[in-house]
Amino acid sequence: MSSTNQSARFQKLPSTDELLRQRDLQALIERDGHASVAESVRVVLARLRQEIAGGRLDDTALNLALSGLSSAVERQLRQSLSYSLRSLVNATGVILHTNLGRAPLAGAALDHIRATASGYSNLEFDLTGGGRGKRDMHVDRLFRRLLGDDARTADPGSAAEACSGAHSNSTSTIVVNNNAAAVLLALNSLAEGGEVIVSRGELVEIGGSFRIPDVMQKSQAQLREVGTTNRTRVGDYEQAINERTQLLLRVHRSNFEITGFTEQARLDELVGLARRRQLPLMEDLGSGALFDLRSVGINGEGGVLDSLRAGVDVVTYSGDKLLGGPQSGLISGRADLVARMRSNSLFRALRVDKLTYAALEATLLAYVKRDHDAVPVLRMMRLSKNEIERRAEMVVAGVVSARSQRLKLELLDGESVIGGGAAPSAVLPTRLIAFTHADLSADELNARLRGSEPPVIARVEDGRVLFDLRTVFPEQDGVLVNVLSSLAGPRLA
Ligand SMILES: *Cc1c(COP(=O)(O)O)cnc(C)c1O
């Protein structure tokens, strides 16, 4: 009995071709192409067949489904053609959020990408001579201006001069895929087959499984640990130096701090030791700021220039952390050492594309012009608590039925986090919008925010949802007004 019903139901289903000939599907085909619409039709029909086979559709339900076939196809089509990578609102207050794409790009960077990547460019072409050019010269010239040709200590009688030849004082920079690649390339170029001395207090793991000992192994250099987790003195490095030693390495701790009974060799002590023993000193800075963090009230975090001026021979840092540019890894330092990295075949494997060069060049130009507000992460860092509070008040005032008993909104003092491997204690004072809902827990609220269009990512603390406008672009404030209004509205069960 039921099997005859079932076969009757199967027969009611149109064929793919019949469905595709329908007028409203023709319109979809014109817009999105025959292949993708046909695929959506097949998916929808297969789903219906499955439901019939599973006995989940009676005649009434089937008729309903058949009458809504074309809109089901349209929904399926929209879903299958929608982007997976989407833009969203970062209301967490974490400026460099690795899960949210780290640094947003400057407008000029996007313009430059569009202008140079939508057609051909002189990526590796010398317009003056007409011959082959080098892709790194597009940004190396800007790094030279920013870091100064003589950024590293220009002490003419120094040992560095003696051991590295005439060009020891010029600073060059190369670009690879990310800072992990930069560290790998630098270690392999400078210390393959030899030993690298690192403090036990700096054997860090950065999110996404970047571990110094592992990268060291891949680079074919041997890790020589010195000191203890909490205390390492310059004498510990000195004692470990032997004929196999190729490099002294300092690593920024990035995502943790050691407090209490601690000691770390000072940078100037390491520089002195490296010069005396004629060894290069490298520093993995991680975030590597090109501006003075003290200008936004963050002390004790040296930038790229501080390290080079102190006499560090090579520094590595990310392009999409404090620098505020595209994902990339930068290696800046003594020209002769950087030249060894450039001629390493690994460099070819780790090189970046024209999009990255375009974005980096435009970002660096903003630094050259001292136009710090053009770089979004710098602008966010420079926002005052007062400005954030003023915007937060406007958002709260804009919420329709803000006086509803369901949604309780208030403003609180709090802290924004730099993130992305700046010191974990590097925080900026801010003003937060905090809210709770009568019918929804903070986690349920958060899930609704993630599901809204565009998604809004917030922090949850102490049973409250928190918005920090420091990381919200002012033109997105309206999105927050709308999403809060809909949460305050009466239609929530
Ligand atoms: C972030 C970080 C890295 C990894 O940089 P990516 O650009 O993410 O590859 C390496 N070292 C340190 C110290 C870092 O902070």
Side-chain angles (χ1 to χ4, degrees), residues 94-105 139 143 173-188 190-191 196 198-219 221 223 225 232 247-258 264 267 270 281-290 293 298 300-304 306-308 312 314-333 341 346-347 349-353 355-357 359-360 363 377 417-426:
V94 181
I95 297 175
L96 297 164
H97 198 305
T98 296
N99 303 140
L100 305 183
R102 286 198 188 151
L105 291 180
V139 296
F143 275 113
T173 300
I174 52 173
V175 189
V176 288
N177 237 309
N178 49 37
N179 188 33
V183 174
L184 176 70
L185 175 64
L187 289 177
N188 179 261
L190 302 182
V196 179
V198 191
S199 157
R200 289 199 169 89
E202 298 172 6
L203 295 176
V204 301
E205 171 174 329
I206 315 291
S209 65
F210 172 90
R211 289 177 151 190
I212 288 292
D214 297 347
V215 177
M216 190 76 72
Q217 205 175 6
K218 292 282 185 204
S219 76
L223 173 64
E225 306 173 22
T232 305
L247 182 70
L248 307 183
L249 174 64
R250 158 100 122 195
V251 182
H252 190 285
R253 288 190 182 129
S254 290
N255 48 13
F256 76 107
E257 278 178 345
I258 297 180
Q264 194 179 20
L267 204 53
L270 287 177
L281 171 64
M282 164 170 152
E283 188 175 18
D284 175 14
L285 283 169
S287 216
L290 288 185
L293 280 163
I298 293 169
E301 277 283 306
V304 175
D306 294 310
S307 289
L308 292 174
V312 175
V314 172
V315 293
T316 62
Y317 48 106
S318 295
D320 57 350
K321 289 184 179 172
L322 280 175
L323 196 153
Q327 180 191 303
S328 49
L330 292 326
I331 306 176
S332 300
M341 303 177 203
L346 258 184
F347 178 53
L350 301 173
R351 80 176 187 190
V352 298
D353 73 338
L355 278 62
T356 305
Y357 276 108
L360 200 50
T363 307
V377 301
V417 179
I418 307 270
S425 58

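Just so you know, ligand 1 is whichever comes first in the structure, and atom 1 is the first atom listed for that ligand.
For the pair L330/F143, a side-chain contact is recorded, criterion being any heavy-atom separation below 4.5 Å from C-beta on. The closest side-chain heavy-atom distance from L187 to M216 is below 4.5 Å. Contact annotation: the side chain of R250 approaches that of E202 to within less than 4.5 Å [non-hydrogen atoms, C-beta and beyond]. Residues L323 and L360 have side chains in contact (heavy-atom distance under 4.5 Å, counting atoms from C-beta outward). Considering only heavy atoms from C-beta on, L285 stays 4.5 Å or farther from V312 through its side chain.
Below 4.0 Å from some heavy atom of S318 lie the following atoms of ligand 1, by number and element: 5 (O), 6 (P), 7 (O). Within ligand 1, counting atoms from 1 as listed, the ones closer than 4.0 Å to a heavy atom of R102 are 6 (P), 7 (O), 8 (O). Counting the atoms of ligand 1 from 1 in the order shown, those under 4.0 Å from a heavy atom of A180 are 5 (O), 6 (P), 9 (O). Interface atoms of ligand 1 facing F210, defined by a heavy-atom separation under 4.0 Å, are 10 (C), 11 (N). The distance from ligand 1 to the heavy atoms of H252 drops below 4.0 Å at these ligand atoms: 13 (C).
Judged purely by atom type and a 3.5 angstrom limit, S307 has no side-chain atom pairing as donor or acceptor with the backbone of V304.
For N179, heavy-atom contacts with ligand 1 shorter than 4.0 Å involve the backbone as well as the side chain.
Atoms CD1 and CD, from I212 and E225 in turn, are 12.0 Å apart once rounded to the nearest 0.5 Å.
The single protein non-hydrogen atom nearest to atom 13 (C) of ligand 1 is S254 OG, 3.1 Å, given as residue, atom name and distance.
Heavy-atom distances between E283 and ligand 1 stay at or above 4.0 Å for every pair. In this structure, K321 is part of the shell of residues with a heavy atom less than 4.0 angstrom from ligand 1.
At least one N/O-N/O distance between D284 and ligand 1 falls below 3.5 Å.
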